[in-house]
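Here is the naming used below: chain letters follow the sequence lines, and residue numbers restart at 1 for every chain. Atoms considered below: every heavy atom in the structure, side chains included; atoms not considered: hydrogens, waters and symmetry mates.
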Amino acid sequence: MEKTTRLFVSCEEAKYICDKNQYGEATFIELIKLNIRLMYCKMTRAYSKRNGKLTKAMDKSNIQSIPSTDKEVMKQKLQEQLTK
Amino acid sequence: MSTNTIDPNTWVDKYSDYLFNYTIVRVDDKEIAQDLVQETFFAGLKSMKNFKGEASERTWLISILKRKIIDHYRKINSNKGKAEVRINYSTDSETEGDWLEERVADPFDGNAESEIENDELGLAIHNCMEKLPEKQSIIFKMKTIQGFDTEAICNEFDITASNLWVIIHRARTAMAECLEKNWF
């Protein structure tokens with residue numbers, strides 16, 4: 001990922017900043033860069049809208065995952081049964 | 001025609017999260033859901049010889065899981081009589097004859113339809129995640145669902161933060177496309 005110190009960033013970089021922002025990990029400067037790009041780039045705007053929609057859907061779905069440690073235990077138990 | 005094959009060694013990685021989400025919306029208890037998934041895998045092992053390959057491995061496991069969930073409810077119901085809570089009506093003369101139900105607030109404040117829709121959305125998201133390349137899917141899950149720190153994931157997979165964001169970017173683009181086709 002190419003990084004620039006300029007305020008005007010490429011569309012690709014703006015998309016990466018947008019991704020980071022979905023996880024609350026974009027810095028203040030990055031957010032300024034993203035917002036400047038959003039003002040004049042249709043592509044970035046479309047990406048940002050779709051990205052936000054995905055984040056909203058993920059939050060709304062209450063989707064859950066089994067913790068990886070528990071998965072390891074499950075695998076072990078399954079392996080024990082397999083070798084019986 | 002038998003086209004689908006079975007491989008129990010990959011079950012936990014491939015299907016445990018999908019089965020877990022399928023179960024949790026039906027039993028509403030994480031531990032019970034996890035136990036039922038594990039029991040499903042055991043039952044799957046025992047009846048492997050009955051797998052004809054007509055359905056996909058996941059569909060076959062879901063059909064076993066459905067029975068496990070029904071069994072779970074049967075078990076609970078058979079204990080119901082023993083655990084019945086007996087409540088006496090108030091002896092207060094003023095409220096005599098009032099039903100207890102009429103004196104408690106209605107706890108129902110959600111919208112059942114939207115709840116069901118959200119559960120289905122969860123399964124649609126899982127379907128889309130299954131289509132991602134394995135590494136992308138694992139990293140996307142860790143970051144988005146399990147909420148791991150960027151640093152922790154980078155250490156686990158021995159990748160740089162830039163690499164991680166490239167992977168996340170690809171995963172998010174594919175996920176958005178997939179959900180747009182199947183959900184939005």
Side chain proximity check, [X] to [Y], heavy atoms < 4.5 angstrom:
{"X": "A:Ile66", "Y": "B:Lys30", "result": "no"}
{"X": "B:Asn9", "Y": "A:Leu82", "result": "yes"}
{"X": "A:Glu25", "Y": "B:Trp165", "result": "yes"}
{"X": "B:Thr150", "Y": "A:Lys20", "result": "no"}
{"X": "A:Met58", "Y": "B:Phe140", "result": "yes"}
{"X": "B:Ile168", "Y": "A:Tyr16", "result": "no"}
{"X": "A:Tyr47", "Y": "B:His169", "result": "yes"}
{"X": "A:Lys53", "Y": "B:Leu179", "result": "no"}

So does A:Lys75 pair up with B:Asp13, basic N to acidic O under 4.0 Å? yes
Max heavy-atom pairs within cutoff under 4.5 Å with chain A, candidates B:Glu177, B:Arg172, B:Met48, goes to B:Arg172
Is it the case that the side chain of B:Asn21 and the backbone of A:Gln64 share a donor-acceptor pair, with hydrogens and angles ignored and the cut-off at 3.5 Å? yes
Assess whether side chain to side chain donor-acceptor pair (under 3.5 Å) is satisfied between B:Thr173 and A:Arg50, documenting all intermediate values. CA-CA 9 Å; B:Thr173 308; A:Arg50 207 158 73 154; 5.7 Å; no
Six-ring centre of B:Phe42, A:Lys77 cation under 6.0 angstrom, axis tolerance 45°: no
Restricting to non-hydrogen atoms, name the atom on B:Ile125 and the atom on A:Ser61 that form the minimum distance, rounded to 0.1 Å. CD1-OG, 3.6 Å
At their closest point, which heavy atom of B:Val12 faces which heavy atom of A:Lys71, and how far apart are they? CG1-O, 3.7 Å
Which atoms of B:Gln146 are under 4.5 Å from chain A, going by heavy atoms: the side chain, the backbone, both sets, or neither? side chain
B:Val37 versus chain A, the contacting section by heavy-atom distance below 4.5 Å: both
Taking it one step at a time, do A:Asp70 and B:Gln34 satisfy side chain to side chain donor-acceptor pair (under 3.5 Å)? CA-CA 9 Å; A:Asp70 290 354; B:Gln34 231 166 285; 2.8 Å; yes
Checking A:Glu72 against chain B: side chain, backbone, both or neither under 4.5 Å from a heavy atom? neither
